[in-house]
Amino acid sequence: MCSVVGYVGNEYSRKFVLEGLSRLEYRGYDSAGFACIDPDNNRLMYAKSEGKLQRLVSLLEKEPIDGFAGIGHTRWSTHGASSEQNAHPHFDCEKLISVVHNGIIENHTELRHQLEKTGHTFHSETDTEIIAHLFESSLSVRKELPEAIVHLVQQLQGAYAFISLLNAHPDTMVLVRKRSPLCIGLGDGQMFVASDMLAFAGKTRNVIFMPDESFALVCKDSVELYRFDGTPIAVSVQEVDVTWDMYEKQGHDHYMLKEIYEQKTAIHDTVDFLHSVKDRIWDDMGMSAKQICALDSINLVGCGTSWHAGYIGKFFFETIAMLPTQLHLASEFRYLPFFPVKNNMFLAISQSGETADTLEAIRMVNEFQIPTVALTNVSSSTMVRESEGFVLTQAGREIAVASTKAFSTQVTALYWMAHRIACEKKIINTSQLESAQHDLLVAAEVLENTIENYKLSIIKDLAPRYARYKKMIFLGRHNSYPFALESALKLKEIAYILATAYPAGELKHGPLALIDADTPTIIFSHQDPLIYQKLVGNVQEVKARGGHVIAFAFEGQKELCDLADTVFEIPRVKSMLGPLAMTGLMQFFFYAIAKELDRPIDKPRNLAKSVTVE
Ligand code: G6P
């Protein structure tokens, strides 16, 4: 999504704002902009450009505006094309108020009409520009900033986080937050502001995470925080421990590659962490052991890759913890009837803990008497704050838009949770829980080793060969089907190759019509003998129609290997963990194809890492 960054202090702001934006560019890269207060005459100056941040950086080298208060933006377009005109910051009529914004103003059409009737002229198609004009009109009736902001937010509907710099208040940044994240880093004689604290990691450890529906007036030495009704809120500062060097590419060509290779460690860290909290896990989850034992069913919800992890998790909860599990796509769940049942728990899965649809699903369920638990990678996220409890993965920060280590650690945590619940319910004993932890570590080992085994042949031979295809079909059965979904998503998002995933048994109900020599079928095997035999049958159906097959098979699955045109053989692991073991190789293969095609792997076109708008 869009990112907003701001600075006010004793130093010039541009350097920090641009560096902060570059760290957050994963959130959107359609256009970028910067505004600051001219120290000579206290007037607003700005620069903006279409495209990636680098274009703004080049522009600012030619026109080096700077000031002690500055704000910046990278955009992921929602309202209006990716153009310079639609790039933030946006302004009021007199260009005395600038705004950078992340989120969506839902009633923007209605507000625009009202403002136009009263003489305001708009210069962009964005919903953001409405904020600047509305602020102008609020300030004309309420002279004091807090009163004007209260008046302003009363009229705005939607989810938003914005920063505003005003000519009339050259030393103050105005911050407003509703349902989109915004945080303030407290420095010495300087304040940093951003959608994500990564922007100022290493510059300060003292952070204020703005509460929902609050606004702040930030000067270099002070922060005033208010509720939307104008009542002051006591400022609560948290100490966080993050540095930026932890997030450099460290010699890899792309963050995605670095993150693929971090998976073994991330799985180890997640297992170690979960093991260390095993006795207090129900407290963390905001539940009691009694509630866990009484569970009759579980609901899982998520978006994108997190939803795929949840889909794999459904097999764990049903098979290991014997809990009927319903899986929901957050974007659909919110608009469907919800039938709360007793003895249920609602587990929201989200790497970032900020995804708008998943967050709204949590808010919806919070209205009922059902425990909500966030399974996330970010302990300071909104979901952790708004759910009744949480479980944390230990993937470390994931920067590449395409999720890798977040996925494998989610699968890890779900497998562990299914065992931990089964243990509490006395379906398994503690030593079986310990074995499950060991099985996860074995799968992590296989995940990494298989990349090494096939790395050279992928780079030299397979990636160039398969990069030529325009479309591919993905098949799986049982829990290798959701893995096929995740694999197809990876290929689509980073290589821009059309990929469609099916449960292999559905082949004859339609997709078989697509089989030809130009459409490879990628099949993900299973270690269960019955499921494996069915998959072999499906591969025979493909081969009989002249199809080309790439098989991810487990060692010893000779029939499948003999049928396939290209085979990746994976050492056997605990049957349920087959997808986890195949994860690294699958990601590396598609990474290499995308690289062959010279795609912008870490920032695929049109996408953003953290989708904080619906
Ligand atoms: C975006 C990302 C995906 C991610 C999804 C859900 O679409 O590009 O990689 O899976 O959001 O994000 P979350 O942070 O909720 O897991």
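Not measured: the values here are computed from a predicted model. No hydrogens, no waters, no symmetry mates; every other heavy atom, side chains included, goes into these values. Every number for a ligand or one of its atoms is a count from 1 in the order of the listing.
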Student: Counting the benzene-type ring for Trp, do Phe568 and Tyr454 have ring centres under 6.0 Å apart?
Tutor: yes
Student: Considering residues at least two apart in sequence or located in another chain, which fulfil the side chain to side chain donor-acceptor pair (under 3.5 Å) criterion with Glu486?
Tutor: Thr305, His308, Lys490
Student: Does any pair with a residue in residues 411-420 pass side-chain hydrogen bond (donor to acceptor under 3.5 Å, both in side chains), and if so which ones, sequence neighbours excluded?
Tutor: Trp416-Gln437, Arg420-Glu424
Student: Any side-chain heavy atom of Val99 sitting closer than 4.5 Å to one from Ile163?
Tutor: no
Student: Is Arg605 positioned over the aromatic face of Tyr496, cation under 6.0 angstrom from the ring centre and no more than 45 degrees off axis?
Tutor: yes
Student: Which residues satisfy the ring-ring contact (aromatic ring centres under 6.0 Å, His included) test with Phe338, sequence neighbours excluded?
Tutor: Phe333, Phe368
Student: Ligand 1: which residues have a non-hydrogen atom closer than 4.0 Å?
Tutor: Cys303, Gly304, Thr305, Ser306, Ser350, Gln351, Ser352, Thr355, Val401, Ser403, Ala608, Lys609, Val611
